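To start, the structure itself, in structure tokens.
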Amino acid sequence: MPPRTTTWKLDNHTLGKHRVLKNYMEAWLPIMSMTNDRVLFIDAFAGPGEYSGGQDGSPVIALRALMEHAAKDRMEGEIVYLFIEDDRNRYEHLKGVLNNIAPNLPANCKHWVLRSTFNETLTQALDRIDEQKQMLAPSFVMIDPFGVSNTPMRTIRRILSNPKSEVYISFMYREINRFKANPKFEPHLDELFGCSNWRQGIAIADTEERKHFYYDLYGSQLKDAGAKYVLHFELYENRELVYAIFFGTQSLDGCNKMKQAMWKEAPLGDFLFRGNQADQMTLGDGLLDTHRLELDLLKEFGSSEWVAIEEVTSFVKSDRTAFHTGHLKNKTLAPMEDKGSLEVKPESRNKKGTYPDGTILRFMSSSENYSQGSLF
Ligand SMILES: C[S@@+](CC[C@H](N)C(=O)[O-])C[C@H]1O[C@@H](n2cnc3c(N)ncnc32)[C@H](O)[C@@H]1O
């Protein structure tokens with residue numbers, strides 16, 4: 001049951017959502033605001049701004065990512081934060097929390113708090129933008145409902161039809177799984193998925209298979225709605241899966257940065273955040289198993305063809321492997337070259353163990369015999 005009180009206790013699993021948000025905002029804000037006149041962070045289910053234990057809510061986390069950023073003085077573009085909250089008491093509480101930190105915000109930052117709903121606000125704003133034949137400013141839209149209603153795929157499609165927009169969505173798997181056969185929820189699930197195919201999941205008996213069916217369907221619907229790359233990670237409370245966060249973007253670099261934001265919190269690369277064990281998940285790269293990236297590379301490029309490092313880098317940035325570019329050169333390509341599973345055209349680079357732009361590579365064996373599924 002969603003809480004009825006204005007603020008509520010911070011669940012352990014929520015930390016994973018917040019930490020990845022913070023990590024990503026720290027990367028997104030400078031990149032976007034140094035290259036665009038105006039950028040927009042929309043927290044469409046903003047909440048009261050703090051938890052009953054005093055911890056920051058997502059609006060404050062996103063604002064602090066700017067206020068406390070070492071490069072904030074170099075972020076010249078206008079940064080607009082829009083917070084949408086439907087509940088009157090939470091809206092009032094959020095305004096109070098934001099009033100306290102507003103004096104510390106840089107002059108190029110504006111923030112607005114609306115007492116409204118996600119769908120109504122975004123639909124009206126996007127209608128206005130369409131009428132004026134304009135585009136939405138580059139946007140990061142956080143969609144963090146308590147349940148499965150009021151987040152229609154058609155509105156997410158309209159957001160993603162703008163080229164520099166990204167979505168960060170709480171996909172409430174526990175509720176979907178619980179209510180999938182309840183006729184009362186059919187219209188909500190039709191809207192959530194933007195299709196009726198979710199019904200096929202009802203008959204899947206195996207719980208893992210069913211979960212993958214729903215994840216795959218939601219991911220492919222996000223891609224159909226305009227996301228070129230889709231990632232997700234799961235949030236657990238003790239051993240129970242609570243929900244997954246789906247991230248959709250049209251930017252290859254955005255995809256890479258989000259993977260880095262996830263790895264920072266779950267460095268084993270499984271992208272599970274196990275609630276009360278969240279703090280144990282910071283073990284460092286010492287345990288990184290790049291053998292899995294090796295397999296992904298061999299599967300993608302393992303033929304006798306030569307390939308440019310730029311193509312290999314694009315693959316690693318994308319959602320077709322769980323790894324990011326920080327894992328590629330020193331941690332994976334160099335050891336592969338040492339053991340002879342990677343050949344480099346000598347004239348394409350100056351120094352062994354380095355892979356600058358222009359380097360031409362050949363992966364030596366095919367991974368046809370490896371069975372390696374995508375983590376996404
Ligand atoms: C999961 S909480 C948000 C938590 C917040 N994003 C955070 O991480 O700190 C969902 C919030 O959305 C509000 N809400 C519910 N339906 C809404 C709607 N249709 N549009 C906007 N806000 C809504 C609820 O009152 C609640 O405060």
Side-chain angles (χ1 to χ4, degrees), residues 1-25 40-65 81-98 100-101 111-126 139-156 158-159 166-176 185 187-189 191-192 233-235 237 241-247 261 265 273 275 278:
M1 279 295 280
R4 291 173 190 271
T5 46
T6 304
T7 60
W8 59 92
K9 191 171 166 290
L10 176 70
D11 293 318
N12 284 316
H13 64 263
T14 303
L15 281 173
K17 170 176 74 185
H18 284 168
R19 289 181 185 179
V20 173
L21 173 70
K22 172 179 180 286
N23 295 343
Y24 188 72
M25 277 297 114
L40 197 51
F41 173 91
I42 303 178
D43 193 343
F45 290 76
E50 67 179 346
Y51 288 82
S52 54
Q55 302 92 336
D56 292 339
S58 54
V60 179
I61 290 166
L63 285 168
R64 281 198 201 287
Y81 286 83
L82 174 62
F83 303 112
I84 304 166
E85 171 54 51
D86 186 32
D87 179 273
R88 176 186 294 283
N89 293 334
R90 292 177 186 151
Y91 158 81
E92 293 294 349
H93 196 97
L94 176 60
K95 281 207 305 185
V97 168
L98 297 181
N100 288 338
I101 59 172
H111 71 278
W112 308 97
V113 193
L114 297 182
R115 183 171 170 228
S116 182
T117 61
F118 157 68
N119 199 34
E120 191 186 358
T121 310
L122 268 289
T123 302
Q124 282 171 7
L126 292 164
S139 302
F140 180 96
V141 186
M142 178 166 177
I143 300 169
D144 183 27
F146 278 133
V148 296
S149 17
N150 303 317
T151 53
M153 185 58 76
R154 64 172 184 283
T155 307
I156 292 166
R158 292 190 70 190
I159 296 168
E166 301 184 333
V167 289
Y168 186 76
I169 307 170
S170 304
F171 179 71
M172 307 308 286
Y173 184 68
R174 192 164 57 178
E175 275 72 16
I176 293 168
F185 282 85
H188 299 299
L189 294 177
E191 287 221 313
L192 177 91
F233 61 92
E234 296 181 318
L235 299 167
E237 191 72 32
L241 170 63
V242 186
Y243 55 92
I245 302 284
F246 274 75
F247 171 71
E265 299 308 325
F273 297 87

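This structure is a prediction, so every number in the text was calculated from the model and none was measured. Start at 1 and go down the list; that is how both ligands and their atoms are numbered.
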Provide, to 0.1 Å, the distance between atom 21 (C) of ligand 1 and the closest protein heavy atom, together with that atom's residue and name.
A44 O, 3.3 Å
Could you find the nearest protein heavy atom to atom 8 (O) of ligand 1 and give me its residue, atom name and distance?
H18 NE2, 2.8 Å
Once you round to the nearest 0.5 Å, how far does CE of M153 lie from CD of E191?
11.0 Å
Considering the heavy atoms of G57, write down every atom of ligand 1 situated less than 4.0 Å from one of them.
9 (O)
Please check whether F118 reaches ligand 1 - meaning an N/O of the residue sits under 3.5 Å from an N/O of the ligand, judged on distance alone.
yes
Please state which part of P2 comes within less than 4.0 Å of ligand 1, counting heavy atoms only: side chain, backbone, both or neither.
neither
Which of parallel (below 30°), tilted (30 to 60°) and perpendicular (above 60°) describes Y168 and F247?
perpendicular
With R158 via side chain to side chain donor-acceptor pair (under 3.5 Å) - residues at least two apart
D127, D130
Holding to side chain to side chain contact (heavy atoms under 4.5 Å, CB included), I want the full list of residues that pass it with S52, two or more places apart in sequence or in another chain.
T7, K9
For atom 25 (O) of ligand 1, the closest protein heavy atom turns out to be E85 OE2, 2.6 Å
Please say whether F45 places an N or O atom under 3.5 Å from an N or O atom belonging to ligand 1.
yes
Would you confirm whether the ring centroid of F140 sits within less than 6.0 angstrom of the ring centroid of F41?
yes
Option from K17, K22, R19 for which salt bridge (charged side-chain N to carboxylate O under 4.0 Å, His left out) with E265 holds:
R19
Check: Y51 and W8 side chains under 4.5 Å, non-hydrogen atoms:
yes
Ion pair R115/E92, N-O distance below 4.0 Å
no
Atoms of ligand 1 less than 4.0 Å from D87 heavy atoms?
25 (O)
I need the atoms of ligand 1 closer than 4.0 Å to a non-hydrogen atom of S116, numbered in the order shown.
20 (N), 21 (C)
Is the closest side-chain donor-acceptor distance between D86 and T117 under 3.5 Å?
no
Near G47, which atoms of ligand 1 are under 4.0 Å from a heavy atom of that residue?
27 (O)
Looking only at heavy atoms, is any part of A46 under 4.0 Å from ligand 1, and if so is it the side chain, the backbone, or both, or is it neither?
backbone
Using distance alone, decide if ligand 1 has a nitrogen or oxygen within less than 3.5 Å of any nitrogen or oxygen in R90.
yes
Nearest candidate to atom 22 (N) of ligand 1, where distance is taken over non-hydrogen atoms, out of V60, D86, D43, T6
D86
Rounded to the nearest 0.5 Å, what separates atom CE in M142 from atom CG in L21?
5.0 Å
Ligand 1 and S58, any nitrogen or oxygen pair closer than 3.5 angstrom?
yes
Among all protein heavy atoms in this structure, tell me which lies nearest to atom 4 (C) of ligand 1, with the distance rounded to 0.1 Å.
D144 OD2, 3.3 Å
